[in-house]
Structures are given as structure tokens and as C-alpha cells.
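For the single chain, residues carry numbers from 1 onward in sequence order. One-based numbering, in listed order, for ligands and for the atoms of each.
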Amino acid sequence: MEEYDFLVIGSGSGLDVANAAANQGQSVAIVEKGRLGGTCLNRGCIPSKQLLYHADVLKTIERADEFHIDATVEDVDIAEIVREVTEDVHSSSDAIERGLASSDRHDLYKAEARFVDERTIELADGDHDGERLTADTVLVAAGTRPAVPPIDGLEAVDYLTSREALQLESPPDHLIIVGGGYIAAELGHFFGTFGSDVSIVGRRPHLLPDADAAVAAEFTERYADRFDVYTGYEATAVVESGDAITLEARPFPEPGGNAANDVETVSVTGDELLVAAGRVPNTDTLNVEAAGIETDAAGFVETDAYLRTTADGVWALGDVVGEYLLKHNANHEARTVARNLFGEDLEPVDYSAMPFAVFGSPAVAGVGLTEQELRESDREYATRTYRYEETARGSAMKAEGFVKPIIDLKGEILGCHIIGPGASDLIQEVVVAMTAGSGTVRDIRDSVHIHPALSEVVQRAVSGQFTRGDGHDH
Ligand SMILES: Cc1cc2nc3c(=O)[nH]c(=O)nc-3n(C[C@H](O)[C@H](O)[C@H](O)COP(=O)(O)OP(=O)(O)OC[C@H]3O[C@@H](n4cnc5c(N)ncnc54)[C@H](O)[C@@H]3O)c2cc1C
């Protein structure tokens, strides 16, 4: 059995810690069953955002007449767009693999790992079938995969997950999407822009249910203008007959709310079905119990504040921990694990200003607490909404949307929520203020903002009179 100082399962953000271990002179094993670089590079952030940028270009052309520019799109070569994106991510992944294969500081095992004992794994598939590896420190960075919801008949239907959807070389005539989160929203935008009719079926009252309710409501309304949106519906059954797929959905009561008795079951027919109904952790296939690694009810690895699991010498990070299923979070956790393994003192992972963004149309971004979370916690807060249209740049762009900061009564930023163009960039100054500044609205208010740039919408949003949660001015 090969013995190492450090072993990582999964080559997404886990690779960052493997490199830090190698830089410390440790012997390092990397076990990866798929393409090097993990979900983000191969079937997540990178290909999806590359594809979505094409949709944004087309949308800009389609809006040209609002600016008195007569533009016509002659042709779109979707197959070529998808091939170019796929080639690009494959070449990045191949470069990582070549780099590791030629490194004398890493051993790469292209195989599936399974725990058989404490800090000991057995490999399956590939050239190493049946081999066992052990290490003083093991890092579980094995990510998640698409969840398959319990829909009658689904196993008999040739459905897509995000992985296959990102490879489709022609848009479906009518795409049915099950799920109302950001992956559903982004892929709906992509295929909808390139000509598919899109129907979205989501259980919660709004799309993007984890966003601030005001943002989620406006987003749902704007999507309902573009697509058939069935929010508050649970997909229950599906059948495929010839080229047609028919999905049945019934009203889904909110916890503690009323079942929507007056709303009837709906039936939607299309030619492709995309299931984007959440993600499940890969801990089941890893046999983590054999290593004494505890998981929560949903299967995510339990860790302490330093990202140590319940098994001695075993750490975890990224999606498999389940705190935030986002690449920048996985990278942030990787920095924490590397610091805790190789630095002087243990430091807890800091989740206090973890932003998210949705590259849909409209775009969305947010950080910190939502107004609904604050209401539930009974904490005092004040909020304010400022619309893009009220700034010079927003008006020039004929932009729609708003910025909604939420503060405590001393001006500390508790959260900020944005819907509108550039949301993923605009949120960043709020994150910096929350992380590296005083944490109050003064950091943004007192900084000179370029006029007339879009960032003025954030500055103006934090500069006027706020309304307290109880309705009084603040
Ligand atoms: C369609 C889509 C779009 C996304 N867009 C964004 C975005 O815009 N921004 C963002 O921040 N996040 C985005 N994400 C989420 C992001 O991809 C993940 O948060 C990130 O990849 C998690 O990194 P990780 O290192 O934890 O896991 P992963 O990147 O999933 O890496 C885990 C690796 O472990 C390997 N593995 C699993 N089990 C085993 C085993 N038993 N043996 C060997 N290897 C194993 C897997 O093959 C995989 O390569 C998106 C995800 C999807 C699906």
C-alpha cells in the first residue's frame, strides 16, 4: 500500500490544498475519477458562463431598436458555440492533467476512491483498480452531483441534467425545466434566448427562492414575461411518447402555508426535459462511514469551524460540506484548510460576507442576510431600494432593476441585494466594505464614485433615508 503525507479526493478546489502541501515538501496523492479541474471547470461555472455570454450578446442586439439602431441577426451557429466552449474547457482540463502528470511532487490517480478504513482508500476503475492508498492527512473535496427528484416515470425518460444541457448542440423546440434555482434560471435564459420555448416548474412561490424576497419576486415576474413559469408547483409525473415529453405538476403548499386548493394540476408538454432540482453530495459513493466521517441528514460532510471532519486527520471542503455550493466558497475554504494545515494557528472559516450571483436576464447578486431572514430573527434593521433608472448611467442604458441594502440601526451592512445589469460586479464593493472596511454604509457613501458609472446606483442606494423594518424612517 502506497503511503503519502497528503491525499486529496477530488481535483476541483481540493487541488489548491494539494499544491500547498506539495510546496511544503509533502508527498501528495490526487485521486480524481473524472476530468481534472472538477465541476466548475468542466460542467459548471466556466462553460455555463461562456455560453451565457453569447446569450447576452444576442440579447443586446435584440434590444438595439430601443436605441434606434436597426440590427438584424442573420444566423447563430449554436453547434459551433458549444463546440468552442467545450474545446476551451477540455484544453484547460488537459493542461492541469499534463501539469500534474509531469510534476515530481504530485502522484495523480485517475480512479474512483472509496474509503475502506481511517485515512485509507481503495481505488476502482482505471489502471489502479483495487490499489489502496493511505495518508497522514486526507482531504475530502469530492463535490456534488445533480439530484434526481422523485417524479413518477422519470427513470423511463431521456432527461437532461445541467451536464448534458451544456453540451446540447441545438436548442430544443420546447424545453421543460424542473427546478427554480440559479442553474434552472441560467439555462432557461440561455436556451430561451436562442429560440427555445421554455417552461419552468418550481416548487417555491418564486424563482431563486434563496434570494431576498423582493428580488425573487421581481425576477419571477420578469421571467414570467419571457417564459411559462409555474411557481408553487411540484412535478409529480412524466411520460415520454415519441418526441414529446409531458410533465404533470400539482400545487405545492409552502410549509405552514395554505395548500393552493383553487389552483389545478398542470400538464406541460415539450421535447426536452431538464432536471435542475438541486445537488446531492458524493459522500454515498465514497463510503465515508468506513473512515468515521459523519454526515448530516442530507449526506453533506460534518465539519468543525476549521473544516476538520469527525475523523482524525481528515478534512473537507467545498460543495461536499454543503455550506455554500459555489466555487468562490470552495476556493475560500481551500485557503482556510491550507492555512490551518500549514500555518501557525487554527483559524475558523469566515462566511460572513459570501456573495452569490445569477447570470440570468435579469442578472441578480446578493450578499449577507435577506429581509425575510431578518424578519424571522426579530432583529432590528432598516432597508432602502434604489432603482437603476434613477442614475445617469442606468438611464442611458435604459436599465431596469434595483439595489436594496439592509443595515442595522447603526449603519452596519447586514446584506445587499441587486437585480439588474452588472449585478455580479456591483455587489463586489459591498463585499469589500463588509469584509475589509468598517462594515458600515460609510465605506461606500464616503468613497468617490465615478460619475456617471453604474456603481453610483450602489452609492445612492446606501446614501438616502432608510425605512426601518417596522415601517418608520431611519
Ligand atoms: C451548471 C453549473 C453552473 C455553476 N455555476 C457556478 C457559478 O457561476 N459560480 C460559482 O461560484 N459556482 C458555480 N457552480 C458551482 C461550482 O461548480 C461548485 O461550487 C464547485 O465546482 C465546487 O467545487 P468542489 O471542489 O467542492 O467540487 P467539484 O468541483 O465538484 O470537484 C469534485 C471532484 O471530485 C471528483 N470525485 C467525486 N467523487 C470521487 C471519488 N469517489 N473518487 C475520485 N474522485 C471523485 C469529481 O469527479 C470532481 O471532479 C455551478 C455548478 C453547476 C453544476
Notebook entry, point to check: Regarding Arg387 and the six-membered ring of Phe402, is the cationic atom NZ or CZ under 6.0 Å from the ring centre and inside 45° of its axis?
Noted result: no
Next item on the list: May I ask you to decide if Asp173's main-chain N or O and Asp271's side chain share a donor-acceptor pair within less than 3.5 Å?
Entry: yes
Notebook entry, point to check: Would you call Glu122 and Arg132 a salt bridge, using N to O less than 4.0 angstrom?
Noted result: yes
Notebook entry, point to check: Below 6.0 angstrom between ring centroids: does that apply to Tyr324 and Tyr351?
Noted result: yes
Next item on the list: State whether Glu97 and Arg35 are salt-bridged, where the test is any N-O pair (Lys NZ or Arg NE/NH1/NH2 against Asp/Glu carboxylate O) under 4.0 Å.
Entry: no
Note to self: Tell me which pairs pass ring-ring contact (aromatic ring centres under 6.0 Å, His included) where either residue lies in residues 289-323, with sequence neighbours left out.
What the structure shows: none
Next item on the list: Compile the protein residues with any heavy atom at a distance under 4.0 Å from an atom of ligand 1; present them by chain, then by number.
Entry: Ile9, Gly10, Ser11, Gly12, Ser13, Val31, Glu32, Lys33, Gly34, Gly38, Thr39, Cys40, Arg43, Gly44, Cys45, Ser48, Lys49, Ala111, Glu112, Ala113, Ala141, Ala142, Gly143, Ser162, Tyr182, Ile183, Arg279, Asn282, Leu286, Gly318, Asp319, Leu325, Leu326, Lys327, His328, Ala330
